[in-house]
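Structure first, commentary second.
This is a predicted model, so every value here is computed, not measured.
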Amino acid sequence: MSNAAPSNAPVVVRFAPSPTGYLHIGGARTALFNWLYAKAKGGRFLLRIEDTDRERNSPEAVAAILDGLTWLGLDWDGEPVSQYERADRHREAAEKLLTDGNAYRCYLTQEQLAALREAAEADKRPFRVDSPWRDCDPADAPSDAPFAIRLRAPKDGETVIRDHVQGEVTFANKDLDDLIILRSDGSPTYNLAVVVDDHDMGITHVIRGVDHLTNAARQAQIYSLLGWPVPEWAHVPLIHGPDGAKLSKRHGALGAQAYREMGYLPVAMRNYLVRLGWSHGDDEIISTEQLIEWFDIEAINKAPARFDIHKLEALNGHWIRASGDDELFDSLVHLLPHLADGDAVAKAFAAGAGPKMRALVPAMKERSKTLLDFIDGAKFLWAKRPLELDEKAEKLLDDAARDMIAKLVPNFEHLPNWSAEPLEAKVRDFAEAQNLKLGKVAQPLRAALTGTTVSPPIFDVMAVLGEEETLNRLRDAAR
RNA sequence: GUCCCGUUCGUCUAGUGGUCAGGACGCUAGCCUCUCACGCUGGAAACACGGGUUCGACUCCCGUACGGGACGCCA
C-alpha cells in the first residue's frame with residue numbers, strides 16, 4: 001500500500017458509535033479491541049459520536065454509551081468528538097471535491113431514483129446509480145432545482161482494501177456507484193464525514209465491524225480523490241446470537257449495562273469479549289494487563305462467533321474468586337442502585353446485614369458465579385424469624401431432626417468464643433457422641449438457620465449470625 | 001438477485017503439509033466434602049461435502065452446500 005500512513009507513526013484509533021441506543025455487546029467488543037490496541041501500542045483511543053443523522057440523535061443514547069464504556073473500564077483520550085458539529089468541515093471537503101472535478105451536482109430526485117431502482121429490480125439487474133448528471137455540460141444544469149453532490153467514483157479498475165483481518169479484498173469499481181457525499185439539504189453523509197474526521201483526527205488504524213467492509217472501499221475512493229493516505233484497516237467479524245443468527249435485541253444483544261445488572265465483573269467481560277474472535281494460543285483466563293501486553297489485530301480471525309453466556313459465567317466465577325474481599329464487597333454495594341430490588345437489600349445492609357455480608361464474602365466467593373449470587377445466597381442474613389422453610393428444608397426438618405436440634409442447643413450455650421472453629425468442634429463432639437455422621441447434624445442445622453438446604457459452610461453461618469440469632473433460630477426449629 | 005467473507009468437538013478456539021487433531025466452557029463418571037461450590041482425576045465429543053495438487057492433506061487450489069455481511073439523500 002504505497003499511500004498508507006507511515007507504519008511507525010504513533011497509533012491513534014477511535015470508537016465511533018452512532019447514538020441510536022445503548023452500547024450493545026458487539027459495539028463493546030469493537031471498543032475493547034480499539035482500546036486494547038491503543039494500550040498495546042502506546043497509542044491514543046479517541047471517541048467520536050456519529051450523530052450526523054439528526055432524527056436519530058439522542059443525548060440519552062450518548063450518555064448510555066459513555067456509561068457502558070466507563071463501566072467496562074474503557075477510558076478514552078480527550079473529549080468525544082461530535083461528528084455533527086464538524087459538518088462545515090465536511091462541506092468544505094465536498095466543495096473541494098466539486099471544484100477539483102472529483103464530484104458533481106446530481107439533480108436526480110428521490111422519485112426518479114426509486115423508479116430506476118424498481119426498473120433494475122424488474123430486470124433482475126443489480127441496481128447501480130448511473131447519474132445522467134455525471135458527465136453533462138454544467139450549462140445544462142437547472143439553476144434552481146435542488147441537487148445532491150455525488151462522488152465521481154472511478155468506473156473502471158478495482159479498489160483494493162488491504163485489511164489486517166480480512167486480508168486483501170478486491171472490489172470491482174463498476175460495482176461501486178457514485179455515492180452521495182452531500183445531501184440536497186447540504187448536510188454531509190456518513191462516508192464523507194468518516195473520511196474527513198478520521199483524517200483530521202489523525203486516525204492511523206480503523207478497527208470496526210466487518211459490516212463496514214464495503215464502506216471501506218467507498219471510503220478508500222474518497223481518500224484517493226481527496227489525495228489523502230488511507231488508514232490501516234481491520235474489519236473484525238460480527239458476534240452472533242446463540243442460534244447463529246445475527247445478534248438482535250431479542251436474543252443476547254443486550255446493552256453493556258444489562259451485564260452489570262446481571263452481576264458480571266468488567267474484568268470478566270473484557271476477558272470473555274476479547275476471546276470472541278481473538279486468541280493467544282490456548283490461553284483462556286487473561287488479565288487485562290496481560291491482554292494489553294499480548295493483544296494484536298493480526299491474531300483476530302475472520303469467522304463470526306456466537307455469544308455464549310455459560311462461558312462468560314464461568315469466567316466471571318473465576319474473576320470473582322480472584323478478586324479481593326473488600327473489592328468484591330465494594331462492587332456489590334455499588335451494584336445495588338442498579339438493581340430492581342436493590343433498595344430493599346441496601347436497607348437490610350444498613351440495618352446490620354452489611355457487615356455480616358462482608359464477613360461471608362470469603363466463603364461466598366467460592367460459590368458465586370455472579371455478584372447476584374452473593375445476594376441470593378445470603379438472603380437468610382436478613383430474613384425475619386420464624387424462618388420460612390423451603391420445601392427441601394421442610395422435609396429435612398422432620399420430628400427426629402427437631403428433637404436432635406433440641407438436644408444440640410445446650411451445647412452452644414455460654415460458649416466463651418462464638419466463632420466457627422469452636423462451634424464446629426462442639427458439633428463434631430455432639431455428632432460423635434450421638435454416633436451420627438457430621439452431615440446428619442449439619443444439614444438440619446442448615447435448614448433451621450437458613451431455611452434452605454444450600455448455604456455457605458454452616459459454622460461460618462453460625463458465626464456470622466451471632467449467638468443470639470443463632471440460638472433463637474435453633475429454638476424456633478427445636479421441639 | 002449482485003458483490004464480499006466465512007465453515008476444526010454443542011459453543012469459543014489452538015493448529016499453518018507428516019500431531020494419538022490440543023485447550024476452555026458445557027455435558028458426564030469419580031475423588032474431596034457439613035450442603036452447594038471450589039479443586040483434582042478420568043470420559044464422550046470436531047477438521048461441512050466433492051474433486052484436484054502432493055509420497056502425504058485439517059492445513060494449498062477449484063467447485064458444491066450451508067452460514068454471515070453489504071447493496072439508502074441511515075450510520
Side-chain angles (χ1 to χ4, degrees), chain A residues 16-20 50-53 55-56 83 106 108-110 113 117 120-121 123-129 146-150 161 163 165-167 169-172 174-177 179-185 187-191 193-194 209-215 217 235 237-238 240 242 244-246 272 275-285 301-315 317-318 321 363-369 373 377 392 396 424 427-428 431 437-447 450 452-459:
Chain A
S18 57
T20 52
E50 311 242 300
D51 52 0
T52 54
D53 184 356
E55 288 179 15
R56 297 205 298 172
Q83 190 159 64
C106 175
L108 246 25
T109 63
Q110 307 267 19
L113 282 169
R117 191 170 285 119
E121 263 170 48
D123 292 357
K124 297 201 167 167
R125 261 184 303 115
F127 174 66
R128 298 278 119 78
V129 174
F147 59 87
I149 296 184
R150 285 186 187 273
I161 299 299
D163 192 281
V165 174
Q166 302 294 324
V169 185
T170 303
F171 296 88
K174 67 175 172 57
D175 295 327
L176 270 15
D177 54 10
L179 79 168
I180 288 177
I181 53 176
L182 216 57
R183 298 185 185 92
S184 47
D185 68 357
S187 65
T189 59
Y190 170 75
N191 280 300
V194 166
V210 73
D211 50 333
H212 285 285
L213 191 60
T214 44
N215 284 328
H235 288 90
L238 271 19
H240 290 170
K246 188 179 175 182
Y272 177 69
R275 287 286 290 106
L276 248 31
W278 177 86
S279 60
H280 182 270
D282 281 341
D283 294 302
E284 295 286 351
I285 290 168
N301 65 35
K302 294 164 93 168
R306 297 187 191 197
F307 188 86
D308 178 21
I309 195 86
H310 293 296
K311 189 149 181 180
L312 205 210
E313 201 169 272
L315 244 18
H318 168 85
R321 274 171 263 131
M364 292 203 67
K365 71 180 184 183
E366 294 298 323
R367 57 211 85 218
S368 297
K369 295 238 192 306
D373 291 344
K392 284 179 184 166
L396 191 71
E424 177 166 357
V427 173
R428 283 187 185 276
K437 293 187 94 171
L438 184 58
K440 289 291 177 194
V441 183
Q443 275 305 81
L445 272 179
R446 175 167 280 117
T450 70
T452 73
T453 54
V454 176
S455 85
I458 198 61
F459 308 111

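The backbone N or O of A/Pro456 sits less than 3.5 Å from a side-chain atom of A/Arg446, completing a donor-acceptor pair. Checked by atom type and distance alone, the side chain of A/Lys369 never pairs as donor or acceptor with a backbone atom of A/Gly317 at under 3.5 Å. A/Asp177 contributes no side-chain N or O that, together with a main-chain N or O of A/Arg128, makes up a donor-acceptor pair within less than 3.5 Å.
Distance noted for atom P between B/C5 and B/G63: 12 Å (whole Å). Comparing B/A46 with B/C58, their C1' atoms are spaced 10 Å from each other, to the whole Å. Comparing the same atom, P, in B/G50 and in B/A75 gives a spacing of 47 Å after rounding to whole Å. Rounded to whole Å, the separation between the C1' atoms of B/U11 and B/C20 comes to 24 Å. For the P atoms, the distance linking B/U59 with B/G18 amounts to 11 Å, nearest Å. Across B/U41 and B/C49, the matching P atoms stand 34 Å from one another, rounded to whole Å. The gap from the C1' atom of B/U35 to that of B/A44 amounts to 29 Å, rounded to the nearest Å.
Between A/Leu312 and A/Tyr272, the residue whose closest nucleotide on RNA chain B is further toward the 5' end is A/Tyr272. If you find the closest nucleotide of RNA chain B to A/Leu108 and to A/Ser455, the one lying nearer the 5' end belongs to A/Ser455.
In this structure, A/His235 reaches neither bases nor backbone, as no heavy-atom distance under 4.0 Å exists between it and the strands shown. If you check every strand for non-hydrogen atoms under 4.0 Å, A/Ile458 touches a base.
Donor-acceptor pairing under 3.5 Å, judged by distance alone, is present between the side chain of A/Lys311 and the base of B/C12. Side-chain to base pairing of A/Arg446 with B/C34: one donor and one acceptor N or O lie within less than 3.5 Å of each other. The base of B/C73 sits with one of its N or O atoms less than 3.5 Å from a complementary donor or acceptor on the side chain of A/Ser184. Residue side chain A/Asn191 does not reach the base of B/A75 through any donor-acceptor N/O pair under 3.5 Å, judged by distance alone. Scanning atom types as modelled, no donor and acceptor separated by under 3.5 angstrom connect the side chain of A/Arg321 and the base of B/C38.
Base pairing of B/C34 is not made with any nucleotide, judged by Watson-Crick or G-U wobble geometry with both donor-acceptor distances under 3.5 Å. Base pairing of B/G6 is made with B/C66, judged by Watson-Crick or G-U wobble geometry with both donor-acceptor distances under 3.5 Å. A 3.5 Å limit on both hydrogen-bonding distances identifies B/C71 as the Watson-Crick or G-U partner of B/G1. Look at B/A24: its Watson-Crick or wobble partner, with both distances under 3.5 angstrom, is B/U11.
If you take CD1 on A/Ile161 and NE2 on A/His212, they are separated by 13.5 Å, rounding to the nearest 0.5 Å.
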*When you look at A/Val210 and A/Lys302, which way does the side chain to side chain contact (heavy atoms under 4.5 Å, CB included) test go after all the steps?*
CA-CA 9 Å; A/Val210 73; A/Lys302 294 164 93 168; over 6 Å; no

